[in-house]
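The structure under discussion appears below in the form of structure tokens.
Since this is a predicted model, take the numbers as computed values, not measurements. Per chain, numbering begins at 1; letters A, B, ... match sequence-line order. Only heavy atoms go into these numbers, but all of them, side chains included; no hydrogens, no water, no symmetry mates.
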Number of protein chains: 2
Amino acid sequence: MNKKDAGELSGVKEIARRAGVSAATVDRVIHKRKGVSDKTRDRINAIIAELNYQPNLHAQRLASRKVVHIATFIPESSDETSFWEGPLKGIEDAEAEVMQYSVKLHKFFYNQDNRKSFVKQAKAILKMKPDGILLAPSFMEESVDFITACDAAGIPYVFMDSDIPGRNNLSYIGPDLYQSGFLAAHLVSYLLREHDKVLIVNISKEIDTDHHLLRKEEGFRAYYKEHGQEHIIIKRDIHRLDHASIEAGIAKALERHTDIRVIFVTNSRVSAVAAYVQRLPHKVILIGYDFLKENIDYLHSRTIDFLICQKPLQQAYKGVMALYQHIAFNTPLDKINYMPIDIITKENYASYEM
Amino acid sequence: MNKKDAGELSGVKEIARRAGVSAATVDRVIHKRKGVSDKTRDRINAIIAELNYQPNLHAQRLASRKVVHIATFIPESSDETSFWEGPLKGIEDAEAEVMQYSVKLHKFFYNQDNRKSFVKQAKAILKMKPDGILLAPSFMEESVDFITACDAAGIPYVFMDSDIPGRNNLSYIGPDLYQSGFLAAHLVSYLLREHDKVLIVNISKEIDTDHHLLRKEEGFRAYYKEHGQEHIIIKRDIHRLDHASIEAGIAKALERHTDIRVIFVTNSRVSAVAAYVQRLPHKVILIGYDFLKENIDYLHSRTIDFLICQKPLQQAYKGVMALYQHIAFNTPLDKINYMPIDIITKENYASYEM
DNA sequence: CTGAAAGCGCTTACAG
DNA sequence: CTGAAAGCGCTTACAG
């Protein structure tokens, strides 16, 4: 490593010198704080532009004695599904990377089957007045109430995992559900022989309001509509999550339609279907969602053939980082940030980066 | 944002106070510089361990007036293939992110069809004595000579894109070629009907020594060996890169084996095969490698069905960053860092992160 | 509306 | 082998 070229003034000091003001005033302009005359401001901005000045982030963070408080608000991991362990890990990774830099994360959780738990925690978040919030807005109505309160309190927020369009969120970071269904349909099209049928299975307690599953189903159907083949699709909604109910639902469908060759489960509950399918005398191709331990086990034993996955860990990681960048350095964020749609198989899961 | 809790001394100063020495001495111990008595060193190390001290990277980079010089050494993008534009972009991204922090990148390129260009540039790199090198070691012998010289000069290096096992590289960042071939074989197994055959096509000037392609073919064959089906594989090596030669090679194979339903091209030259296949009266499923514009166009028109891709941009980006972290902060690196094996289709390419 | 001075947590010469 | 002092490029009170 060599020494840096000994140089003249640069950065804030150089700007101050050229403008004939102090560094403090330049700082005020850079951070758009008030208390600077328009004339001085314009002069300084012109010099900043001319010099194409880029602040030294190290110096910035070091000198700033501020602590940024970020609240995260996601479902807790339940016995039913470990899906949210991924995002939680992403949040913790971001925390570890960023903590030493005067950031404090406050993690809040709600129960996905309990709207009241959401409302209660939401209240607690508003009370602590964080500098920003990362939110997975599962319950539509309650989420809208919450972000309306955030807007009023001037607290910026980022959505992850699912979007609520037309709101003041800084950003949405998560899957393109429709497109992932479309991708699944394309994949399935290679797997079907003539006269074969595909079974779509939605498994959720509240399918009426569950946008996730419906958007995926729409995407899936769109593919076959495009090819004039919607008739090959059979569909079942299963409203109970216990294995017996799920198995009964699948069994009935397979009984009625003996030509079903592929089952597409629109969420991570595919492992419950796999538990049944593996006992069948003939092979049924199984496609589902999400990198969960149960699912990977079935992928490994080739009962599940493909899993579609959208980087649950990275979603949350990016969400925290984006908020931090925005709050600490005023970085602009993209309003929509779709995660890649990954196809996981037995061969590539080991190197999958969540 | 709230104020930080007003605190006592911390960091280097607190360690110095407890050890009864100056900050400069603590600094010497942290960076394992010599000129400290064993006794003092042990005392300081004990305190560091006790406090679980983590240095503030911002302060570290800010205070250090060193410039880190990193050389990158990859093939130039040619008319034949734009593959190396991806890694170059990755290098430039890393540069943009890290430049302001006193890092200087020096980009060297060689012609993939010209060993002499490699040797010449390698000499130039050794002459400038960088602090670290990111190397894509295409030519085996020449690369070994080069890294032997680097070892002698004490210059650390990281491999990307292809590995040379058993060397002193800090790290390898790139694909798991064997496993990607195995994945391709699994994918193909879904696409073959009874009595169908699959054609493996290697296209390269020097296939004898081209480890890339052979490792992929091995992985591919391993899958069918496991299933006792090696007989369904037909194989062609094509040693010329012009479209006419490639088309002639494919045409001959298809003529001889009318039951070929899938063609697996072991590298990015799949677009040349696509140009021929799209003119055939019947559909042939086509699988190849790499996110190149030509390939994506054929993916879009459904002539190419799947592309396997291993994050060319990210490989190079990670390589530069890893070197930087190692040189500037002494961060330990993983010896092997396989990139995810991604399956690209018409539906998910738009959101693919290279 | 503006500036002088101190300080963030480190590292770097320099002197002894 | 060790330390005092200055400095990296910013931001923060405080004073005017």
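The separation between B/His58 atom NE2 and D/dC10 atom C1' is 12 Å, rounded to whole Å. Between B/Glu14 atom CD and C/dC10 atom C1' there is a gap of 15 Å when expressed in whole angstrom units. In this structure, the CD atom of B/Gln60 is 17 Å from the P atom of C/dC8, given to the nearest Å. Between B/Arg43 atom CZ and D/dC1 atom C1' the separation is 12 Å, expressed in whole Å. At whole-Å resolution of the value, NZ in B/Lys34 and P in D/dT2 are 14 Å apart. Remark: P of D/dC10 and CD1 of A/Ile48 are 10 Å apart, rounded to the nearest angstrom. Atom CG in A/Leu51 sits roughly 16 Å away from atom C1' in D/dC10 (whole-Å rounding). When the C1' atom of D/dT2 is taken as reference, atom CG of B/Asp38 falls 15 Å away, rounded to whole Å.
The aromatic rings of B/Tyr172 and B/Tyr338 stand perpendicular to each other, their planes meeting at an angle above 60°, with 30° marking the opposite boundary.
Taking a pair to require two hydrogen-bonding distances under 3.5 Å in either a Watson-Crick or a G-U wobble arrangement, C/dC1 pairs with D/dG16.
No salt bridge links B/Glu50 with B/Arg43; every basic N to acidic carboxylate O contact stays at or beyond 4.0 Å.
Aromatic ring centroids of A/Tyr110 and A/Phe118 lie under 6.0 Å apart. Taking the six-membered ring for Trp and the full ring otherwise, the centers of A/Phe146 and A/Phe73 sit less than 6.0 Å from each other.
Comparing C/dC8, D/dC1, C/dG3 by their nearest atom to the side chain of A/Leu62 picks out C/dC8. Among the nucleotides D/dT2, D/dG9, C/dC10, the one closest to any side-chain atom of A/Ala63 is D/dG9. In the set D/dT12, C/dC10, C/dT2, the nucleotide with an atom closest to the side chain of B/Asn56 is C/dC10.
Each of A/Arg33 and A/Ala59 has a nearest nucleotide on DNA chain D; the 5'-most of these lies closest to A/Ala59.
At the phosphate of C/dC10, neither OP1 nor OP2 sits under 4.0 Å from any side-chain N or O atom of B/Ser64. OP1 or OP2 of D/dG3 sits under 4.0 Å from a side-chain N or O of B/Thr25. Phosphate proximity of C/dG9 to B/Tyr53: absent, as no side-chain N or O sits under 4.0 Å from OP1 or OP2. Between C/dT12 and B/Lys66, a contact under 4.0 Å exists linking OP1 or OP2 to a side-chain N or O. In this model, the phosphate group of C/dC1 is not approached by any side-chain N or O of A/Lys39 to a distance below 4.0 Å at OP1 or OP2.
A donor and an acceptor atom, one from each side chain of A/Tyr157 and A/Asp151, are located under 3.5 Å apart.
Residue-to-nucleotide contacts include a donor-acceptor pair under 3.5 Å from the side chain of B/Arg28 to the base of D/dG3.
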